[in-house]
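Counting starts at 1 for both ligands and their atoms, following the listed order. As the structure is a prediction and not an experimental result, all values here were calculated from the model. The residues of the chain are indexed from 1 along the displayed sequence.
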Amino acid sequence: MFIIAATLVCLLPRVVHSLNNKVGKTPPLGWNTWKTCGEPTCGHDICNEAEIKSVANAMATNGLQELGYNYINLDDCWASTRKKSDQTLTWDTVRFPSGLPALISWLHQKGFKFGLYTSAGNQTCSSGGRKYPIPGSEGHYDLDAKTFAAWQVDYVKLDWCGDIKKDLAVGKQAHIDFAKAMNNSGRDMFLEVVAGYFFLWDEVPTVANSWRFCTDHHDDWKNTNVQMTCRLDQKAKVAGAPGGWPFMDMLITGGAGCVPFSKGPHCPGQTDEEYRTAFAMWSITQSPIIVASDVRNLTAVMQQTLLNQELVQLHQSTSTPPGKHLGYWACSEPLQCEIFGRKMNVASTSWMIVLLNHGKKQHNITLDWTLIGFDDSETADVYDVWNRSSIVGTNVSTSFTATVPSHGTIVVRIAKTSVNMAV
Ligand code: GLA
């Protein structure tokens with residue numbers, strides 16, 4: 001009997017703990033308060049209910065909500081203290097005079113979902129310029145998960161700050177415990193973890209719906225490159241799948257409202273080419289797209305990227321695996337010319353391709369048909385995605401070459417000539 005039981009246990013897949021929710025079947029699309037809100041412009045940490053409502057109102061009319069950007073996520077600095085009577089977290093009543101439940105209900109009525117930040121440790125990562133620290137969830141995981149559920153929160157971002165930060169030995173268990181608390185909260189809430197990947201590695205999809213795996217993303221090209229490199233490094237370690245999404249952190253597309261990492265005076269911190277490149281990479285790899293720039297002011301590059309129907313629809317599609325690095329093109333700056341691609345159909349006859357130039361100079365980058373499994377003899381139609389379906393070429397054979405500006409991308413849909421190009 002013992003031998004049979006032991007054999008059965010060995011045959012069972014090793015599961016740390018299943019985050020037992022039904023959310024996150026597609027990668028989240030939305031907006032986050034961090035880096036956007038505040039006075040003067042470009043100050044972060046300050047966000048209040050009036051600002052959040054003004055962003056939601058803008059998203060409801062500028063096309064973002066219609067395209068699927070439906071999460072509004074309140075980051076750090078919303079909390080005040082814990083009630084003495086029952087230890088429940090309270091919100092900052094100056095910033096949120098109507099209270100979080102009222103704000104959440106207002107957003108729900110507008111068709112949005114609501115995300116809220118907390119930390120696994122005893123303090124959050126920032127005090128938002130205030131003189132006192134903001135309490136994290138340590139010692140109160142069950143209570144906080146139940147409180148968030150009672151407030152009708154839809155998404156929780158779990159950070160890794162406070163005393164716990166120094167105690168790396170507890171990292172894995174803390175994340176598992178928090179996921180258990182989410183399961184027992186009575187509400188299905190999406191769970192994003194900031195540091196969970198570093199404790200759980202391959203097991204992180206069993207504990208969280210999305211996970212960061214790199215530094216914070218800031219509004220500068222060097223840092224955007226770091227995010228892309230991290231994504232390449234961890235590509236084989238965890239499979240993104242419906243319900244679990246590797247997250248390259250917030251996008252700061254257009255830069256409006258941003259806080260440059262250097263704290264320099266420039267907003268925006270990146271060029272339009274660089275913002276397009278970031279958006280192409282976040283969307284083709286199906287990273288959650290949580291925008292942290294001021295979407296109340298949709299500049300031309302924000303419209304071209306955030307509202308790009310082809311890229312956003314493909315980002316939301318789960319019919320093929322996330323896009324990946326397909327290869328390098330040997331341009332004169334070694335390893336600076338890359339090709340990424342995602343199959344758009346199971347038959348692999350249609351692809352979304354990103355030709356990416358990290359280099360300091362403009363380069364020609366060539367996609368050989370063989371890289372995407374087409375025969376040299378086959379012909380394909382090539383459509384320019386940034387410029388919205390203007391035809392780059394029909395019946396193209398053997399390969400496609402484009403001139404790609406420094407730090408820029410050319411994004412094309414490529415389909416065998418007989419294939420219908422509709423997304
Ligand atoms: C950390 C996180 C950021 C943000 C801040 C808030 O740095 O990585 O995304 O949530 O904390 O303090």
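Remark: ligand 1 atoms within the under-4.0 Å shell around heavy atoms of Ser126 are 12 (O). Against a heavy-atom cut-off of under 4.0 Å, Trp34 is close to the following atoms of ligand 1: 4 (C), 5 (C), 6 (C), 12 (O). Each of the following atoms of ligand 1 lies closer than 4.0 Å to a heavy atom of Asp76: 6 (C), 12 (O). Atoms of ligand 1 lying under 4.0 Å from at least one heavy atom of Met250, given by number and element, are 9 (O). Atom numbering of ligand 1 starts at 1 in the shown order; those under 4.0 Å from a heavy atom of Arg212 are 8 (O), 9 (O).
In this structure, Lys53 places its NZ atom where more than 12 heavy-atom neighbours from other residues, nucleotides or ligands lie under 6.0 Å away. Taking a 6.0 Å sphere around CD of Glu66, one finds it holds 12 or fewer heavy atoms contributed by other residues, nucleotides or ligands.
Around atom 10 (O) of ligand 1, the closest heavy atom drawn from Asn73, Asp75, Thr124 belongs to Asp75.
Aromatic rings of Trp151 and Trp91 (six-membered ring for Trp) have centroids within the 6.0 Å cut-off, being under it. Aromatic rings from His175 and Trp160 are positioned such that their centres are separated by under 6.0 Å.
The shortest N/O to N/O separation between Asp216 and ligand 1 falls below 3.5 Å. Checked against a 3.5 angstrom limit, the closest N/O atoms of Lys157 and ligand 1 fall inside it.
Sulfur-to-sulfur, Cys47 and Cys77 sit at least 2.5 Å apart at their SG atoms.
Ile290 contributes atom CD1, which lies 11.0 Å from atom OG1 of Thr33 (distance to the nearest 0.5 angstrom). Separation of atoms CG (Asp272) and CH2 (Trp386) is listed at 11.0 Å; rounding is to 0.5 Å.
In this structure, Asp159 has a heavy atom closer than 4.0 Å to ligand 1.
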